[in-house]
Amino acid sequence: NSTAGRIIPSAFPVDLAIVQSRSAAGDTNAVADRLRGANVLLNTPNNHAELTNNTDSITGFDFMDGIEIGTDTRTNWSSGTYVSWMWKRAPGYFDAVAYTGNGTAGRTVSHNLGVAPEMMWVKSRTEVKNWIVYHKDLTDNTKYLELNDTDAEKTATTAWNSTSPTETVFTVGTATSVNNSSQDYIAYLFASLDGVSKCGGYTGNGAGEYVTGGSSQTIDCGFTSGARFVLIKSTSIASNDWHVWDTTRGIISGNDPHLSLNTTAAEVTSDDSVDANSSGFTVNQVAATNVNASGETYIFYAIA
């Protein structure tokens with residue numbers, strides 16, 4: 001509604017917020033967190049350094065139950081439609097860590113997740129560098145993905161120094177995207193918490209309600225009332241988006257609106273790639289998203 005000081009409510013203090021336009025193609029999203037502070041933005045569709053002079057996108061975290069937004073087209077343009085995904089730091093679930101690189105292989109960074117992170121997004125705050133993603137279901141700890149592009153998994157021992165994270169630290173190598181000397185970084189750490197969140201992987205079987213001879217593939221997350229948020233990315237397809245669904249916009253038996261973290265495209269509402277399931281969610285093979293293509297591998301992150 002283009003009104004400054006508008007509060008977008010949540011049921012908890014917000015430590016990470018991603019606000020994305022649903023209706024306007026070309027508008028990048030706004031990524032802000034409590035550690036870096038209000039008015040300091042990153043964007044998942046691009047590799048830009050953080051924007052520190054923006055005063056009208058995500059303008060406040062000093063609330064117990066929401067975020068404050070301004071009048072920017074990324075968050076609150078009049079008559080535009082938006083979605084906000086918000087996280088709270090909590091043991092076993094989510095943590096955010098800010099650190100400065102030292103350019104040394106095997107550098108460890110402490111965290112407070114309390115368990116080994118199963119997915120990590122790392123972004124340089126001070127340089128033009130890609131978002132680097134770790135996920136436990138990539139082939140091994142020499143692999144990574146890039147949140148701002150569509151590529152399949154890539155190999156670099158210099159990203160994680162061929163070392164898996166632990167319950168107290170994660171390790172980075174000499175790659176400048178994660179550990180350039182004297183440069184600043186932000187890391188978002190995610191984990192599986194029983195009944196709450198799930199980081200996992202699966203292999204597509206090519207099935208779906210629109211595919212002859214097969215029904216949807218169920219992804220069991222151990223939930224009891226289904227997934228409210230689903231992020232899926234192929235690790236093997238050379239061009240595949242970071243697709244996001246949520247129950248606020250609709251995960252139903254018919255078409256389900258999805259956005260992609262790596263693009264500035266408007267919301268797509270014309271395909272039925274996922275469906276609700278009490279234990280998690282189901283995936284259909286639909287060419288628009290290819291989230292269940294036969295023999296292809298995928299990672300996912302779901303929240304109950």
Side-chain angles (χ1 to χ4, degrees), residues 14-18 28-55 57-62 72 74 87 89 94-136 138 140-149 151 153-191 242 261-262:
V14 178
D15 292 307
L16 167 65
I18 302 176
T28 191
N29 61 18
V31 180
D33 59 75
R34 186 181 296 273
L35 278 181
R36 294 182 300 124
N39 301 315
V40 182
L41 298 183
L42 289 165
N43 315 114
T44 60
N46 61 55
N47 61 1
H48 299 169
E50 66 183 10
L51 179 65
T52 59
N53 61 353
N54 184 283
T55 59
S57 289
I58 298 177
T59 56
F61 283 93
D62 296 329
D72 192 78
R74 282 169 286 203
W87 286 260
R89 295 167 78 181
F94 171 73
D95 194 18
V97 178
Y99 67 96
T100 300
N102 65 7
T104 301
R107 187 263 172 90
T108 58
V109 180
S110 298
H111 65 80
N112 293 306
L113 193 60
V115 298
E118 296 179 332
M119 180 172 69
M120 302 187 295
W121 304 352
V122 178
K123 177 70 181 76
S124 174
R125 302 170 57 187
T126 45
E127 294 187 295
V128 176
K129 299 291 182 182
N130 289 331
W131 290 79
I132 305 300
V133 177
Y134 167 90
H135 195 286
K136 70 179 184 65
L138 295 177
D140 57 47
N141 57 23
T142 70
K143 307 298 183 183
Y144 69 96
L145 292 164
E146 293 171 337
L147 191 62
N148 53 289
D149 73 23
D151 292 348
E153 68 175 16
K154 299 178 180 180
T155 303
T157 59
T158 56
W160 315 117
N161 205 54
S162 305
T163 306
S164 299
T166 73
E167 63 184 19
T168 57
V169 301
F170 64 91
T171 303
V172 291
T174 57
T176 56
S177 295
V178 295
N179 191 25
N180 202 11
S181 181
S182 301
Q183 302 301 318
D184 294 331
Y185 297 84
I186 188 72
Y188 302 130
L189 283 55
F190 307 84
W242 293 83
L261 293 181
N262 58 286

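This chain uses plain numbering: 1 for the first residue, then up along the sequence.
Going from atom NE2 of His135 over to atom CG of Asn141 covers 14.5 Å, rounded to the nearest 0.5 Å. Separating the CZ atom in Arg89 from the CG atom in Asp95 is a distance of 4.5 Å, to the nearest 0.5 Å. We find the CG-CZ distance between Asn112 and Phe94 to be 12.0 Å, quoted to the nearest 0.5 Å. Summarising the geometry, atom CD1 belonging to Ile58 is positioned 9.5 Å from atom CZ belonging to Arg74; distances are rounded to the nearest 0.5 Å. Rounding to the nearest 0.5 Å places CH2 of Trp87 at 13.5 Å from CG of Leu189.
Residues Leu147 and Leu261 come closest through the heavy atom pair CD1-CD1, 4.1 Å. Pro117 and Pro165 make their closest contact through O-CG, 3.4 Å (heavy atoms, listed as atom of the first residue, atom of the second, distance). The two residues Ala105 and Asn161 come nearest to each other via the heavy atoms CB-OD1, 3.6 Å. What you find for Thr100 and Arg107 is that their closest heavy atoms are O-NH1, 2.5 Å. Closest approach of Val122 and Ala187 over heavy atoms only: CG2-CB, 4.0 Å. Contact record, Ala191 with Val115: CB-CG2, 3.7 Å, taken as the closest heavy-atom pair.
Residue pairs meeting the ring pair (Phe, Tyr, Trp, His ring centres under 6.0 Å) criterion with at least one member in residues 95-122, sequence neighbours excluded, are Tyr99-Phe170, Tyr99-Tyr185, Trp121-Phe190. Applying the salt bridge (Lys or Arg N to Asp or Glu O under 4.0 Å) test to pairs two or more places apart or on separate chains, those with a residue in residues 153-162 are Glu146-Lys154, Asp149-Lys154, Asp151-Lys154. Here salt bridge (Lys or Arg N to Asp or Glu O under 4.0 Å) pairs that include residues 126-136, with residues two or more places apart or in two chains, number zero.
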Inset, instruction - Evaluate side chain to side chain contact (heavy atoms under 4.5 Å, CB included) for His48 paired with Thr28, printing each intermediate quantity in order. - result: CA-CA 11 Å; His48 299 169; Thr28 191; over 6 Å; no
Legend entry - Evaluation steps, side chain to side chain contact (heavy atoms under 4.5 Å, CB included), between Asn179 and Asn102: CA-CA 6 Å; Asn179 191 25; Asn102 65 7; 3.3 Å; yes
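Under a 3.5 Å cut-off, the side chain of Asn262 and the backbone N or O of Trp242 do form a donor-acceptor pair. In this structure a side-chain-to-backbone donor-acceptor pair under 3.5 Å is missing from Ser57 to Asp72.
Annotation: side chain to side chain contact (heavy atoms under 4.5 Å, CB included) contacts of Asn53 (sequence neighbours excluded): Leu51. Taking Trp160 as the reference, Tyr134 meet the ring pair (Phe, Tyr, Trp, His ring centres under 6.0 Å) condition, with sequence neighbours excluded.
Residues Asn148 and Pro45 form no side-chain contact, since every pair of their non-hydrogen atoms from C-beta on lies 4.5 Å or further apart.
Counted by atom type alone, Ser177 and Asn130 present zero donor-acceptor pairs between their side chains at under 3.5 Å.
Of the residues Asp140, Thr142, Thr171, the one that meets the side-chain contact (heavy atoms from CB on, under 4.5 Å) test with Ser162 is Thr142.
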Under 3.5 Å, sequence neighbours excluded: what are the donor-acceptor pairs made by side chains of residues 33-42?
| residue | atom | partner | partner atom | Å |
| --- | --- | --- | --- | --- |
| Asp33 | OD1 | Leu35 | N | 3.1 |
| Asp33 | OD1 | Arg36 | N | 2.7 |
| Asp33 | OD2 | Arg36 | NE | 2.6 |
| Asp33 | OD2 | Arg36 | NH2 | 3.1 |
| Asp33 | OD2 | Tyr188 | OH | 2.6 |
| Arg34 | NE | Val14 | O | 3.4 |
| Arg34 | NE | Asp15 | OD1 | 3.1 |
| Arg34 | NH1 | Phe61 | O | 3.0 |
| Arg34 | NH2 | Val14 | O | 3.0 |
| Arg34 | NH2 | Phe61 | O | 3.1 |
| Arg36 | NH1 | Val40 | O | 3.4 |
| Arg36 | NH1 | Glu50 | OE1 | 3.0 |
| Arg36 | NH2 | Val31 | O | 3.0 |

